[in-house]
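The shown structure was predicted, so the numbers you read here are calculated from the model rather than taken from an experiment. Sequential numbering from 1 along the given sequence is applied to the chain's residues. Side chains are part of it too, since the values below use all heavy atoms of this structure and drop only hydrogens, waters and symmetry mates.
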Amino acid sequence: MAFLKKIKSIDAPMRLLVPKKVSEDDMLVDYGSQLGNRFLDILESLHGKSMRETVMNCYELAGAFANSHSREEEKLQQLSSLLNNLNPTDSIVVASSFSHMLNLGNLAEEIQIAYRRPTNKKGNIGDENSALTESDLDQTFQRLKDELHKSPDEIFEALKKQTVDLVFTAHPTQSVRRSLLQKHSRIRDCLSQMYQKDVTAEEKQELDEALQREIQAAFRTDEIRRSQPAPQDEMRAGMSYFHETIWNGLPKFLRRVDTALKGIGVKERLPHDVPLIQFSSWMGGDRDGNPRVTPDVTRDVCLLARLMAANLYYSQIEDLMFELSMWRCSDELKQRVAILEAQTKKESKHYTEFWKHIPPNEPFRVLLGNMRDKLYNTRERMRQLLANGKSDINLEDTFTEKSQILEPLELCHRSLCETGDKPIADGSLLDFMRQVSCFGLSLVKLDIRQESDRHTDVLDTITNYLGIGSYRDWSEEQRQDWLLSELRGRRPLFGPDMPTTEEVKDVLDTFKVIAELPEDCFGAYIISMATAPSDVLAVELLQRESHIPTPLRVVPLFEKLADLESAPATLSRLFSIDWYLSRINGKQEVMIGYSDSGKDAGRLSAAWQMFKAQEDLVKVAKQYEVRLTMFHGRGGTVGRGGGPTHLAILSQPPDTINGSLRVTIQGEVIEQSFGEEHLCFRTLQRFTAATLEHGMNPPIAPEPEWRDLMDFMAVIATDEYRSIVFKNPRFVEYFRTATPELEYGRMNIGSRPSKRKPSGGIESLRAIPWIFAWTQTRFHLPVWLGLGAALKQALEAGPGNFDTLSRMYDLWPFFRVTIDLVEMVFAKGDPRIAELYDNLLVPEELKPLGEELREKYNETKSHLLKIARHTDILQGNPTLKQRLRLREPVITALNVQQAFTLKKMREQTGQGTQSESPKSTKPASDPVTLNPTTEFAPGLEDTMIITMKGIAAGIQNTG
């Protein structure tokens with residue numbers, strides 16, 4: 001155990017396998033060790049002492065390899081031999097043990113971070129949970145007031161105009177099953193209670209027993225999803241966060257906003273109807289490349305969300321009825337109650353026993369009781385519609401609009417304030433009013449997303465039906481002319497006799513669902529792969545043709561590099577159309593996609609192009625006096641725009657947020673952000689404080705010299721990236737043999753296919769499996785490829801460029817964040833692990849490509865450290881460096897096990913390292929295939945999936 005002795009002095013909760021006691025002064029580290037000790041005891045009790053020793057031996061060997069450069073090959077060989085010779089049952093147990101260790105380590109880290117005071121050191125990069133990236137409301141308000149001389153009223157007014165819309169998506173990156181997440185939540189709760197200072201010895205013993213139960217229950221739970229989730233399942237999982245944390249977390253957060261405002265001298269509370277935080281969803285609405293999201297699915301998820309909202313409101317109203325028992329009220333409330341009582345007695349069938357027993361001197365209960373009855377009907381109507389598609393409950397006996405719930409609550413609030421009970425009014429009643437204002441009757445607003453080509457197919461069908469030609473063959477000018485003439489006219493475009501394909505019918509039926517359901521169910525209509533004004537006008541016309549009473553706002557999504565470059569010109573042409581400018585009423589939303597742009601050109605070029613595109617889009621909007629909202633399609637990983645929220649917002653160009661921000665929250669990031677109430681609170685705080693600070697203290701604009709250098713580097717980075725990823729004829733073959741991309745679909749972590757099209761190469765592959773595959777091998781190629789060549793040529797191009805790059809790093813938030821995030825990725829990477837996969841899985845003639853890429857990896861790392869003026873990775877963030885170092889042995893063991901498991905699986909299917917021919921020039925678009933129904937030898941597939949989940953937990957990213 002020599003290696004373990006070396007890390008005993010490190011203060012971090014990932015010391016899971018050290019069976020020793022620590023000082024009482026460091027209780028949180030004690031809990032990290034306690035989790036490890038408990039798990040090892042459970043492992044031994046269930047599988048014997050020899051299994052415990054096997055796991056410990058693997059850990060020690062992996063640690064010696066991961067953290068030492070002496071005799072590393074010998075240790076790797078010993079570890080490989082040990083893992084490769086396990087029988088199928090033991091292989092699954094070992095993989096599951098390491099996977100659970102990493103999940104337990106994550107929980108211990110969360111508790112440590114939750115109770116650590118934020119240091120607020122600017123410029124440090126950590127992961128999303130790092131205390132170094134906090135955005136504290138009190139400190140932000142105080143800094144704006146003291147350092148920037150903003151008055152309390154200015155801060156208050158800015159907050160009242162601010163809106164952050166968090167959009168939950170079903171992007172398949174959450175690899176942990178919901179049943180395990182719930183057990184992790186209970187483990188986290190036990191640890192939190194044990195941390196309390198006033199816990200007694202008896203309580204601590206009971207908590208320890210509960211902790212042991214939950215750890216064993218988690219270990220005994222199958223980690224693998226045995227079937228693919230349906231879109232409705234994804235929606236239920238996403239909406240569960242509202243019930244469990246967000247519903248109560250939102251009003252608590254808004255109260256903290258009030259307290260922070262009071263701290264700088266603001267006497268008013270934030271009005272209940274200020275849309276400071278909003279929530280939207282793509283779950284059941286994102287049909288881009290997902291054939292399982294049908295019109296019926298969209299209808300179901302909308303009704304299900306309304307049912308959940310009615311349930312939450314019903315419970316809250318019942319609580320308020322017990323709380324608001326006072327008799328004193330305003331004349332306005334007395335009159336309303338008198339009318340209600342008269343109506344109730346007249347309609348005797350509704351005059352329930354409950355009403356008979358409400359005392360006449362409890363007017364609030366009369367009003368709230370009426371609301372409760374309507375909410376009951378609202379809930380039952382949704383239930384019937386979900387079950388049968390129809391309901392016998394009258395709409396008049398239900399709530400159909402948010403204002404119908406808010407109005408009587410506002411009446412109660414006014415009454416309490418008028419009669420001297422303002423403290424009561426500003427209690428649970430105000431919280432409920434804020435919840436209703438935020439969530440409405442739909443809980444979340446569902447965005448609809450569809451690819452632009454699908455709308456083109458529909459319009460091509462229509463124009464052919466009308467006998468006026470093929471819309472698909474028309475020029476952009478012809479398309480615009482025809483679309484505008486139809487938008488200005490009133491004739492119907494087609495009747496029920498128009499022949500349609502299944503794909504066209506699906507699009508049209510989606511618009512019908514939007515027309516039939518209440519308008520507050522929906523948010524925006526997102527057009528992915530948008531390239532021209534006609535893409536937007538097409539959706540406007542299809543909405544009109546479908547008789548949607550209140551058309552959805554149409555949002556073009558610009559994703560690929562060329563689309564981002566042309567986005568400002570596209571928006572300018574769109575705004576120059578008088579009809580459209582009148583339609584949008586001075587407001588426009590534009591979405592930029594981090595995932596596909598990064599896959600298209602690499603991280604550096606995509607980030608810079610998005611920066612410039614945002615600047616130019618804002619200029620266009622100002623020219624036409626339009627208020628622009630940027631919608632950021634970020635993923636969880638750095639390769640898909642992920643990173644600490646605070647720094648991501650503050651690194652955006654000046655004037656691009658202005659108090660209005662939409663951003664996607666995806667996959668595992670939803671759990672990391674909203675899995676517990678304290679995480680929910682911190683997430684809302686991060687977005688609110690950073691958005692406010694960006695607006696009131698914008699980051700500096702880049703100097704012309706910096707722009708020129710970035711333009712120069714972006715061209716080089718793009719060329720380097722594309723020369724390998726898209727132009728090397730053997731790259732796709734190398735990628736699919738060197739990574740577990742082919743096996744990704746067997747994890748069943750999402751409802752949609754991994755490809756937009758069943759055939760094709762990298763261009764058709766979705767960004768998530770593209771990033772996922774490189775993350776698993778810890779090579780992270782999409783993040784750094786191209787950056788090294790760009791930095792190298794920039795440094796060689798002029799003697800003063802090093803000083804320029806150093807100034808950019810020190811003074812420009814965008815460049816600093818870009819470099820630091822890549823540095824963090826290098827801290828999680830290890831090219832030696834990628835080499836192991838190559839040695840086991842890649843044909844001999846393709847191995848030189850792997851060697852070339854690893855040379856580029858090391859060269860990029862060297863240049864990056866030079867620019868950051870660091871002698872070692874994460875020199876500026878020793879806390880994160882230690883945390884990553886301590887989890888590295890466990891991840892390394894899983895990597896070795898996964899690589900050997902993949903080798904066995906591919907040998908069984910004839911996809912080993914033997915190439916078809918040394919002279920093969922297989923084109924980049926010809927995919928290597930893996931039959932998803934293939935049955936492997938016992939234990940292989942389970943071991944492979946568990947290692948995938950474990951590595952994702954250790955790196956804390958999937959895709």
Side-chain angles (χ1 to χ4, degrees), residues 170-172 227-235 282-304 386 389 446-474 479 483 486 492-517 521-522 525-531 534-535 537-548 552 554 557 745 750-760 763-766 927 932-933:
H171 286 49
S227 60
Q228 191 175 26
Q232 293 95 325
D233 298 326
E234 294 173 325
M235 188 271 181
W282 280 13
M283 298 176 181
D286 181 8
R287 56 220 334 112
D288 177 16
N290 189 351
R292 303 186 75 190
V293 178
T294 64
D296 287 340
V297 165
T298 297
R299 179 184 288 106
D300 283 352
V301 298
C302 287
L303 295 175
L304 185 59
L386 271 169
L446 183 71
D447 284 357
I448 303 295
R449 184 169 80 134
Q450 183 60 277
E451 192 177 359
S452 58
D453 275 352
R454 297 292 297 276
H455 305 132
T456 300
D457 291 342
V458 174
L459 292 172
D460 190 66
T461 300
I462 292 173
T463 56
N464 279 301
Y465 169 75
L466 294 174
I468 57 176
S470 172
Y471 179 86
R472 182 175 291 282
D473 295 338
W474 292 351
R479 291 183 179 187
L483 290 167
E486 294 300 331
L493 290 178
F494 61 88
D497 60 331
M498 183 180 76
T500 61
T501 64
E502 284 298 318
E503 289 78 9
V504 168
K505 185 176 185 301
D506 181 83
V507 175
L508 292 175
D509 285 349
T510 299
F511 282 105
K512 288 180 183 177
V513 168
I514 298 172
E516 292 167 1
L517 290 172
C521 287
F522 300 101
Y525 195 108
I526 315 290
I527 311 170
S528 59
M529 300 299 176
T531 58
S534 63
D535 290 328
L537 297 176
V539 175
E540 293 285 6
L541 180 59
L542 290 173
Q543 288 197 90
R544 192 214 67 178
E545 185 64 20
S546 302
H547 308 291
I548 296 174
L552 278 58
V554 182
L557 165 54
S751 68
R752 72 180 187 178
S754 61
K755 286 175 169 245
R756 284 189 171 89
K757 299 176 181 178
S759 62
E763 73 285 346
S764 68
L765 186 69
R766 288 191 178 276
T933 63

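Take Y471 and apply the ring-ring contact (aromatic ring centres under 6.0 Å, His included) test, not counting sequence neighbours, and it matches W474.
Using a distance-only test at 3.5 Å, with no hydrogens or angles considered, no donor-acceptor pair links the side chain of D460 to the main chain of T456. The backbone N or O of M529 sits less than 3.5 Å from a side-chain atom of S452, completing a donor-acceptor pair. A donor-acceptor pair under 3.5 Å links the side-chain atoms of R287 to the main chain of G285, judged by distance alone. Q450 contributes no side-chain N or O that, together with a main-chain N or O of V507, makes up a donor-acceptor pair within less than 3.5 Å. Under the 3.5 Å distance criterion, the side-chain polar atoms of R479 are left unmatched by any main-chain donor or acceptor of A538.
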Note to self: Walk me through whether M235 and D300 qualify under side chain to side chain contact (heavy atoms under 4.5 Å, CB included).
What the structure shows: CA-CA 10 Å; M235 188 271 181; D300 283 352; over 6 Å; no
Note to self: The test is side chain to side chain contact (heavy atoms under 4.5 Å, CB included); show your working for V458 and T500 and say whether it passes.
What the structure shows: CA-CA 8 Å; V458 174; T500 61; over 6 Å; no
Next item on the list: Show the numbers, then the answer: is there a side chain to side chain contact (heavy atoms under 4.5 Å, CB included) between M283 and L304?
Entry: CA-CA 12 Å; M283 298 176 181; L304 185 59; over 6 Å; no
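A pairwise comparison of heavy atoms in D506 and T294 identifies OD1-CA, 4.0 Å as the closest pair. In plain terms, the two heavy atoms of R292 and V297 that are nearest each other are O-CG2, 3.5 Å. Residues W282 and L446 approach most closely at C-CD1, 4.1 Å, considering heavy atoms. Across every non-hydrogen atom of V513 and P295, the tightest pair is CG2-O, 3.7 Å. Residues R299 and L517 approach most closely at CA-CD1, 4.0 Å, considering heavy atoms. What you find for V293 and T298 is that their closest heavy atoms are CG1-OG1, 4.3 Å.
To the nearest 0.5 angstrom, L542 atom CG is 5.0 Å from L459 atom CG. Residue I514 holds its CD1 atom at 9.0 Å from SG of C302, rounded to the nearest 0.5 Å. Of the inter-residue distances, the one linking E545 atom CD with F494 atom CZ reads 5.0 Å to the nearest 0.5 angstrom. With rounding to the nearest 0.5 angstrom, the OG1 atom of T461 is 10.0 Å from the CD atom of E503. Between L303 atom CG and L386 atom CG the span is 5.0 Å, to the nearest 0.5 Å. Atoms CZ and OG1, on R454 and T510 in that order, are 8.0 Å from each other to the nearest 0.5 Å.
Using bins of under 30°, 30° to 60° and over 60° for the plane-to-plane angle, the ring pair H455/Y525 lands in the tilted bin.
Inter-residue side-chain proximity for D457 and T501 is flagged as unmet; no heavy-atom pair is nearer than 4.5 Å.
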